[in-house]
Amino acid sequence: MAPAYPDDKTSKGPGVDADQRKEQADKDGKFRRQASSFREVISADHSKFKPEKGRYVVYVVATCPWAHRALLMRKLKGLEEFIEVVWLHWALGEKGWYFKEEDNSLARDPYYGYTLLREFYFKADPGYDKRFTVPMLWDRKYETIVNNESSEIIRIFNTAFNDQLPPEKADIDVYPEELRAEIDEVNEWVYDKVNNGVYKTGFAATQDAYDENVYPLFESLERLDKRLSDGREFIMGSKLTEVDIRLYPTIVRFDAAYFTIFRCNIKMIRYGYPYLHKWLLHLYYDFPEIFKGTTFLEQLKKGYASTRLGITPAGPIPLILERQAAL
């Protein structure tokens, strides 16, 4: 049964009206992610989108790892006065993400009274005909979408407001010049094989498509585990970078959702990858305001289950291990 879902009576554009609770594979059975449509930046020299307090809102869902990236960067950089967060419900409805007063989510949008994420997309572009995705960075001044590409949103958050932040926050740089080439190289294969690899595995519609993606996924997890086996604290070494920010949302969801619900079931992180698991627990427990405080494991597990007839698997128990139990 689909979740309780409000009627859409205001949207004018075509959108994607098929049942969005189930991601669509192409005719060959392979899942291919659509490119993001809104790709503006916020900067002091931008003609339109300038860094100002109280102007921007990021719309997020607890289920979504891409939205989780934005939450992590907002908290890490101390952008609470600059970027408001509005939560949609953790389940994906027949017309996309929607509001429902449960857990973090509100009954409706506080500014427009919308009940559907898609309404923002049609306000920004009445002819919009793609999927309605989070995170979505919204500008209240011009009433439009600034950006809906998570990898770009975290870079906006990394630098756009530095001139107005206290030094200890402005000095945080997760994409330092001296590491950019290596960060880009690692991001490329981690995105393809891990971040998106769990989706290409979970939404595969044929055995060949599944086999083509599940084995590279676990080979890449092994590669990450080996990388961390030299005692380094973070993926790039001694410094927290956007590689960690982009990877953490996938790894913290792995045992709770991807292993059980997305058929990524060769190994669990907690039992199969000791160094990667240690890295996960380090972020979760040693930086609780940033990582633990933005992670909603019960909600996200229910959210992923909603794409599979709404049946939530019982395990794993616990969803994340206590650190002492993992040692």
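Just the heavy atoms: all of them, side chains too, but no hydrogens, waters or symmetry mates, feed the values below.
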Pairs touching residues 133-172 that satisfy ring-ring contact (aromatic ring centres under 6.0 Å, His included), sequence neighbours left out = Phe82-Phe161, Tyr112-Trp138, Phe120-Trp138
Apply the salt bridge (charged side-chain N to carboxylate O under 4.0 Å, His left out) test between Glu52 and each candidate in Arg55, Lys48, Lys50; give the one that qualifies.
-> Arg55
Mutual orientation of the aromatic rings belonging to Phe218 and Phe254 [parallel < 30°, tilted 30-60°, perpendicular > 60°] = perpendicular
Kindly give the heavy-atom pair with the smallest separation between Lys77 and Lys169, and that separation in Å.
-> NZ-O, 2.9 Å
Count the heavy atoms of every other residue, nucleotide or ligand shown that sit under 6.0 Å from CD of Glu81, and state whether that count exceeds 12.
-> no
Hits for side-chain hydrogen bond (donor to acceptor under 3.5 Å, both in side chains) against Asp45, two or more places apart or cross-chain, chain-then-number order -> Ser43
Who passes salt bridge (Lys or Arg N to Asp or Glu O under 4.0 Å) against Glu152, sequence neighbours left out?
-> Arg39
Rounded to the nearest 0.5 Å, what separation is found between the NZ atom of Lys123 and the CD1 atom of Ile145?
-> 11.5 Å
In terms of heavy-atom contacts, Asp225 and Pro274 come closest through OD1-N, 3.4 Å
Indicate yes or no: does Asp230 engage Arg232 in a salt bridge with an N to O separation below 4.0 Å.
-> yes
Taking the side chain as every heavy atom from C-beta outward, state whether Thr241 and Ile235 have any pair of such atoms under 4.5 Å apart.
-> no
Answer yes or no: does atom CG of Asp171 have more than 12 heavy-atom neighbours from other residues, nucleotides or ligands under 6.0 Å?
-> yes
Supply the atom-to-atom distance Met236 CE to Leu240 CG, rounded to the nearest 0.5 angstrom.
-> 11.5 Å
Geometric cation-pi criterion, Lys239 with Phe234: 6.0 Å, 45° = no
If we ignore angles and hydrogens, is there a donor and acceptor under 3.5 Å between the side chains of Asn195 and Arg246?
-> no
Is it the case that more than 12 heavy atoms not belonging to Glu168 sit under 6.0 Å from its CD atom?
-> yes
So, Phe203 versus Phe262, ring centres under 6.0 angstrom or not?
-> yes
Please indicate whether Glu101 has more than 12 foreign heavy atoms, meaning atoms of other residues, nucleotides or ligands, lying under 6.0 Å from its CD.
-> no
Between Tyr271 and His277, does the ring centre distance come in under 6.0 Å?
-> no
May I ask you to check whether Tyr114 and Tyr98 place their ring centres under 6.0 Å from each other?
-> no
Chi angles and distances behind the ring-ring contact (aromatic ring centres under 6.0 Å, His included) call for Phe122, Phe132 | CA-CA 10 Å; Phe122 291 135; Phe132 316 105; 5.6 Å; yes
In terms of side-chain heavy atoms, does Tyr111 have a donor or acceptor partner in Glu84 at a distance below 3.5 Å?
-> yes
Sequence-distant partners of Arg108, side-chain hydrogen bond (donor to acceptor under 3.5 Å, both in side chains), two or more places apart | none
Taking atom CD of Glu188 as the centre, does the number of heavy atoms from other residues, nucleotides or ligands within less than 6.0 Å exceed 12?
-> no
Flag the pair Pro51 / Gln164 as yes when at least one side-chain heavy-atom distance between them is below 4.5 Å, and no otherwise.
-> yes
Hey, are the side chains of Val61 and His89 touching, using non-hydrogen atoms and a 4.5 Å cut-off?
-> no
How many angstroms lie between atom CG of Leu79 and atom CD1 of Ile83, to the nearest 0.5 angstrom?
-> 6.0 Å
Taking the side chain as every heavy atom from C-beta outward, state whether Val190 and Ser220 have any pair of such atoms under 4.5 Å apart.
-> no
Rounded distance (nearest 0.5 Å) linking atom OG1 of Thr294 with atom OH of Tyr248 = 5.5 Å
Taking the side chain as every heavy atom from C-beta outward, state whether Val60 and Val86 have any atom pair closer than 4.5 Å.
-> no
Indicate whether any N or O donor in one side chain lies under 3.5 Å from an N or O acceptor in the other, for Glu242 and Asn158.
-> no
Among all residues two or more places apart in sequence or in another chain, which pass the side-chain hydrogen bond (donor to acceptor under 3.5 Å, both in side chains) test with Lys301?
-> none
Gap separating the CD1 atom of Ile245 from the CZ atom of Arg69, nearest 0.5 angstrom = 10.0 Å
Results of side-chain hydrogen bond (donor to acceptor under 3.5 Å, both in side chains) for Asp184 - residues two or more places apart only | Arg155, Tyr175
Please tell me if the side chains of Tyr210 and Lys200 come closer than 4.5 Å, counting only heavy atoms from C-beta onward.
-> no
For the atom pair CG (Leu283) and NZ (Lys278), what is the distance rounded to the nearest 0.5 Å?
-> 12.5 Å
Of all the heavy-atom pairs spanning Thr201 and Leu217, show the shortest one and how long it is.
-> OG1-CD2, 4.1 Å
Between the side chains of Asn265 and Tyr258, is a donor N or O closer than 3.5 angstrom to an acceptor N or O?
-> no
What closest approach, in Å, do Pro316 and Ala256 show between heavy atoms, and which atom pair accounts for it?
-> CD-CA, 3.8 Å
Side chains of Trp279 and Asp244, donor plus acceptor under 3.5 Å = yes
State, with a plain yes or no, whether a side-chain heavy atom of Leu297 is found less than 4.5 Å away from one of Val252.
-> yes
Residues Thr133 and Leu117: closest non-hydrogen pair is O-CD2, 3.6 Å
Phe291 and Phe287 aromatic ring geometry - parallel, tilted or perpendicular at 30°/60° bounds | perpendicular
For residues Trp66 and Val134, report the shortest heavy-atom separation together with the two atoms involved.
-> CB-O, 4.1 Å
Within a reach of under 6.0 Å around OH of Tyr275, are more than 12 heavy atoms found that belong to other residues, nucleotides or ligands?
-> no
Are side-chain heavy atoms of Tyr304 and Arg253 found at a separation under 4.5 Å?
-> yes
